[in-house]
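Structure, as structure tokens:
Chain A is the first sequence line, chain B the second, and so forth, proteins listed ahead of strands; every chain is numbered from 1.
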Protein chains: 2
Amino acid sequence: MNNVFKALNDKTRRDILELLKQEDMTAGQIADHFNFSKPTISHHLDLLKQAELLTSVKKGQFVFYSLNTTVMDELLKWMLQFTADTLPLKKKITPRYEGK
Amino acid sequence: MNNVFKALNDKTRRDILELLKQEDMTAGQIADHFNFSKPTISHHLDLLKQAELLTSVKKGQFVFYSLNTTVMDELLKWMLQFTADTLPLKKKITPRYEGK
DNA sequence: TATTTATATTGAGAAAAATAAAAATATATC
DNA sequence: GATATATTTTTATTTTTCTCAATATAAATA
């Protein structure tokens, strides 16, 4: 769980995800969209893979990256506990102390 | 947006959110749930506030913290673009290269 | 009123972790 | 063998996390 937030806690990595939303791409193609060196992008891709937000398949000399939506689905579930609709039973302590 | 992931990228801070899911609590009550010093928890609370995941109200000598669900709602929306259901139009490049 | 007690935050500094890039390495293609 | 693609390793810098000490503010009490 921690790995996911760590992976998402970076604009470049979120942009990579947005890129791959449209189509699968090679590491090189992805790197071409950014002003970072290829090793840097490679590192970002690695973090996204560690978080299982991406999968990769090697085809010859290329490595194709694809979105893996299952982790996002899990994250979504986690997040749903904190939405307004899911918290109607919440005890509100604060009002009790408002008298003073 | 970046602040939210930064704030969520820590187990302690996520645990704080889970605590406040049940009821509002003072900084001290929150700190009592962890094996960290009060200043440490205070810093975590500050980060959560910066990310607008929490609100705080001072009542006398106490500071009550509450969940703020609106940011989670926004995050949820962002995340929905990456779920399987939302990506049916995706161009799949990979298969094209599978021949070799 | 002055002083003590309770709650909470702020700031300084140290240890640990993350970030970015260059250089080196690995692997596949021509 | 030479070239292209991609990752790994190394290194320097920055950021994060944590605690201690000090500060701020409110409440209780002598």
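Here the C1' atom of nucleotide C:dA17 and the CG atom of B:Asp10 are 12 Å apart, to the nearest Å. The CZ-C1' distance, from B:Phe36 to C:dA16, rounds to 13 Å in whole Å. Rounded to whole Å, the distance from CZ on B:Arg13 to P on D:dT16 is 9 Å. For the pair A:Lys38 NZ and C:dA24 P, the interatomic distance rounds to 18 Å; values are reported in whole Å.
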Please tabulate, one pair per line, each protein N/O and nucleotide N/O from nucleotides 25-27 of chain C that are separated by under 3.5 Å, including the distance.
none

Give me the distances for all protein-to-nucleotides 20-23 of chain D N/O pairs that come in under 3.5 Å?
none

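Residues A:Ser56 and A:Lys49 come closest through the heavy atom pair OG-NZ, 2.9 Å. Residues A:Ala31 and A:Lys38 come closest through the heavy atom pair CB-CG, 3.8 Å. What you find for B:Ile16 and B:Leu45 is that their closest heavy atoms are CG2-CD2, 3.9 Å.
When the side-chain nitrogen and oxygen atoms of B:His44 are compared with OP1 and OP2 of D:dT16, none of them lie within a distance under 4.0 Å. Within the 4.0 Å cut-off from OP1 or OP2 of C:dT7, not a single side-chain nitrogen or oxygen of B:Tyr65 is found. Phosphate proximity of C:dA18 to A:Lys6: present, with a side-chain N or O under 4.0 Å from OP1 or OP2.
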>> Checking A:Asn68 against A:Thr55 for the side-chain hydrogen bond (donor to acceptor under 3.5 Å, both in side chains) test, could you report, in this order, the C-alpha distance in whole Å, the side-chain angles of both residues, the deciding distance, and whether it holds?
In response: CA-CA 6 Å; A:Asn68 177 17; A:Thr55 59; over 6 Å; no
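In the hydrophobic cluster analysis, where Ile, Leu, Val, Met, Phe, Trp and Tyr join through side-chain heavy atoms closer than 4.5 angstrom, B:Tyr65 is grouped apart from B:Leu47.
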> Dot-bracket for DNA chain D, 5' to 3', counting Watson-Crick or G-U wobble pairs under 3.5 Å, with [ ] for crossing pairs and | for inter-strand pairs?
Replying inline: ||||||||||||||||||||||||||||||
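Toward the 5' end of DNA chain C, the nearer of the two residues A:Leu47 and B:Leu45, judged by each one's closest nucleotide, is B:Leu45.
A heavy-atom distance below 4.5 Å is found between the side chains of A:Leu8 and A:Leu75. With contacts defined as side-chain heavy-atom distances shorter than 4.5 Å, the pair B:Leu76/A:Leu80 qualifies.
Counting non-hydrogen atoms under 4.0 angstrom, A:Ile41 reaches nothing in the nucleic acid. At a threshold of 4.0 angstrom between heavy atoms, the contacts of A:Thr26 are confined to the sugar-phosphate backbone, with no base atom among them.
B:Asp24 and B:Ser66 share a side-chain donor-acceptor pair at under 3.5 Å.
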